[in-house]
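Have a look at the structure below, then the notes.
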There are 2 protein chains.
Amino acid sequence: MSHIHSETEKKILAAAKEVFLRRGKDGARMQEIARQAGINQALLHYYFRNKDTLFATVARHLIRDFLETIFSSQPEASTFREFLQQFISNYIDHLSSNIEVSRFILWELERGGDVMVEEIRALQEQHGKEVFPLQQRIAEAIAQQEIRSLEPEHLIMSIIGMCAYPYIARPVVERIFRLPDVTSREFRDRRKQEVFQVLWNGIRLSS
Amino acid sequence: MSHIHSETEKKILAAAKEVFLRRGKDGARMQEIARQAGINQALLHYYFRNKDTLFATVARHLIRDFLETIFSSQPEASTFREFLQQFISNYIDHLSSNIEVSRFILWELERGGDVMVEEIRALQEQHGKEVFPLQQRIAEAIAQQEIRSLEPEHLIMSIIGMCAYPYIARPVVERIFRLPDVTSREFRDRRKQEVFQVLWNGIRLSS
DNA sequence: GTCTATACATCGATAGAC
DNA sequence: GTCTATCGATGTATAGAC
């Protein structure tokens with residue numbers, strides 16, 4: 001847990017991050033990481049005993065950054081309606097401009113999601129709760145009768161699923177549906193609108 | 001495109017399917033496939049020139065079966081409301097009892113989704129349309145004013161995203177949200193209900 | 001700390017006998 | 001068609017000099 005990082009160590013971590021993001025754990029080559037860092041393979045093993053420890057370090061950082069960006073700092077909105085709209089917008093924009101990170105997280109989930117789970121737990125403790133801010137906000141909205149009663153976890157799954165799907169199934173979306181590039185402004189705006197409209201009408205009190 | 005399959009060829013294909021589903025293309029070992037088929041590695045290469053062709057054959061079959069089950073044979077329902085409910089139920093049940101196939105499709109999408117796209121196109125031609133049955137059904141529902149006007153593609157993304165998310169992010173769902181096993185009857189029923197409720201209220205005419 | 005050289009393991013693919 | 005034996009490529013990790 002030492003935070004003393006030499007220059008070389010930093011260069012290695014930056015290079016490893018790039019390569020692991022592009023190729024995944026198995027696809028990444030220690031040789032490529034070394035070259036990208038401007039050093040040789042032996043030095044890589046001098047700083048990080050082996051590929052596993054290097055990967056673990058990088059994965060931890062990547063996932064922590066992602067979680068903090070999305071789930072920790074929340075939009076300051078007065079109503080839940082506004083909050084939801086902003087959350088969707090932020091989330092889609094973040095996925096769109098960090099496609100490699102989304103893919104990386106998918107890989108991590110397929111691997112069992114251990115790092116993901118640990119980092120979420122750390123985030124929860126950091127906030128002193130059993131839940132993280134988004135969960136909290138939904139519970140409050142229900143209590144204050146801004147939305148109908150539901151399990152916050154299911155709503156979270158719905159939000160994330162709807163937002164993330166186009167970036168997971170990008171080839172199908174762009175080539176079968178003939179929709180514009182999923183990272184384009186045009187697509188994002190259209191998607192944000194549709195997700196919000198469905199969700200908001202789907203959860204608000206029908207009164 | 002020959003359909004003459006010897007016994008050995010069938011054994012190989014069955015073994016390859018199992019191993020590729022469990023390990024993915026890169027994770028699979030030709031040796032393991034051979035052992036599982038009760039033959040040796042050389043014979044594998046006698047029937048299928050190399051790993052690529054063997055994988056391509058297996059992937060094509062797997063994805064075709066999946067697509068046909070989900071998107072080809074559609075529930076016979078009179079109203080769109082009922083149709084939607086049944087589609088969600090079928091889709092979640094199918095994902096749930098074929099988790100390995102879901103994971104395999106994710107791998108395929110990460111690889112670029114070429115096989116997926118080709119098989120969807122084949123399915124479309126087979127139905128003589130530019131669209132497949134689900135798309136068609138949504139368009140009709142809009143025309144008949146059963147639901148509000150929207151782009152069918154976006155609704156499809158929403159349905160699939162909401163249904164598939166728990167099976168993609170299974171580790172997070174089960175270990176963070178403390179929800180029951182996503183394949184359990186209990187979870188599936190709850191999820192089906194929530195997805196349908198959000199979607200139906202989200203798309204029906206507010207009249 | 002940093003390098004070159006190399007050991008060691010894994011795996012896909014092929015040669016050649018039967 | 002089916003086998004045993006082995007090649008050759010690739011990739012992680014380490015030995016040892018500086």
Side-chain angles (χ1 to χ4, degrees), chain A residues 1-62 104 107-108 110-112 114-115, chain B residues 1-62 104 107-108 110-112 114-115:
Chain A
M1 284 295 167
S2 167
H3 284 263
I4 304 157
H5 292 309
S6 71
E7 276 309 308
T8 308
E9 202 171 339
K10 283 186 202 161
K11 279 196 299 182
I12 292 175
L13 285 173
K17 177 175 157 182
E18 255 196 69
V19 176
F20 279 131
L21 271 180
R22 191 165 51 238
R23 313 250 189 235
K25 179 178 178 179
D26 295 338
R29 298 292 157 238
M30 295 295 269
Q31 170 53 31
E32 189 178 357
I33 295 174
R35 196 181 39 72
Q36 175 105 8
I39 58 167
N40 60 68
Q41 221 170 325
L43 201 54
L44 218 54
H45 287 82
Y46 175 79
Y47 279 92
F48 299 87
R49 203 174 329 283
N50 53 36
K51 194 179 181 179
D52 280 348
T53 57
L54 178 56
F55 177 78
T57 309
V58 171
R60 208 159 290 279
H61 281 110
L62 271 171
F104 184 87
W107 285 331
E108 159 63 11
E110 283 158 10
R111 195 185 311 285
D114 289 355
V115 178
Chain B
M1 284 299 164
S2 169
H3 285 263
I4 303 156
H5 292 310
S6 71
E7 275 309 309
T8 308
E9 201 171 341
K10 281 185 202 161
K11 280 195 301 181
I12 292 175
L13 285 173
K17 178 175 158 182
E18 255 196 69
V19 177
F20 279 131
L21 271 179
R22 191 165 52 237
R23 313 249 190 236
K25 179 178 179 180
D26 295 340
R29 299 291 157 238
M30 295 296 269
Q31 170 53 33
E32 190 179 356
I33 295 174
R35 197 181 38 73
Q36 174 105 9
I39 58 166
N40 61 68
Q41 219 170 329
L43 201 53
L44 220 53
H45 286 81
Y46 175 79
Y47 279 92
F48 299 87
R49 202 175 327 287
N50 52 37
K51 194 179 182 179
D52 280 348
T53 57
L54 178 56
F55 177 78
T57 308
V58 171
R60 207 159 291 280
H61 280 110
L62 272 170
F104 184 87
W107 286 331
E108 158 62 12
E110 283 158 9
R111 195 186 309 284
D114 289 356
V115 178

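Under a cut-off of 6.0 angstrom, the local environment of CZ in B:Arg22 is crowded, with over 12 non-hydrogen atoms contributed by other residues, nucleotides or ligands. Within a 6.0 Å sphere centred on NZ of A:Lys51, other residues, nucleotides and ligands contribute more than 12 heavy atoms.
On the nucleic acid side, DNA chain D contacts chain A at distances under 4.0 Å to non-hydrogen atoms, with the end points of that region at D:dG11 to D:dA15.
Note on ring orientation: taking the six-membered ring where Trp is involved, the planes of B:Phe55 and B:Phe104 are tilted (angle from 30° to 60°).
Within residues 17-29 of chain A, the residues that have a heavy atom under 4.0 Å from DNA chain D are, in order of number, A:Ala28, A:Arg29. For the contact set between residues 43-52 of chain A and DNA chain C, defined by any heavy atom under 4.0 Å, the members are A:Leu43, A:Tyr46, A:Tyr47.
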B:Leu54 and B:Phe20: CA distance, side-chain angles, deciding distance, side chain to side chain contact (heavy atoms under 4.5 Å, CB included) verdict: CA-CA 10 Å; B:Leu54 178 56; B:Phe20 279 131; 4.1 Å; yes
Checking side chain to side chain contact (heavy atoms under 4.5 Å, CB included) for the pair B:Val58/B:His61: CA distance, chi angles, key distance, verdict? CA-CA 5 Å; B:Val58 171; B:His61 280 110; 6.0 Å; no
Can you check side chain to side chain contact (heavy atoms under 4.5 Å, CB included) on B:Arg111 and B:Lys25, steps first, answer last? CA-CA 10 Å; B:Arg111 195 186 309 284; B:Lys25 179 178 179 180; 3.3 Å; yes
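Applying the ring pair (Phe, Tyr, Trp, His ring centres under 6.0 Å) definition to pairs two or more places apart or across chains, none involves residues 23-45 of chain A.
For B:Lys11, the side chain to side chain contact (heavy atoms under 4.5 Å, CB included) test picks out no residue, with sequence neighbours left out. In this structure, A:Asn40 has no side-chain hydrogen bond (donor to acceptor under 3.5 Å, both in side chains) partners at least two apart in sequence or on a different chain.
For the atom pair OH of B:Tyr47 and NE2 of B:His5, the computed distance is 12.0 Å after rounding to the nearest 0.5 Å.
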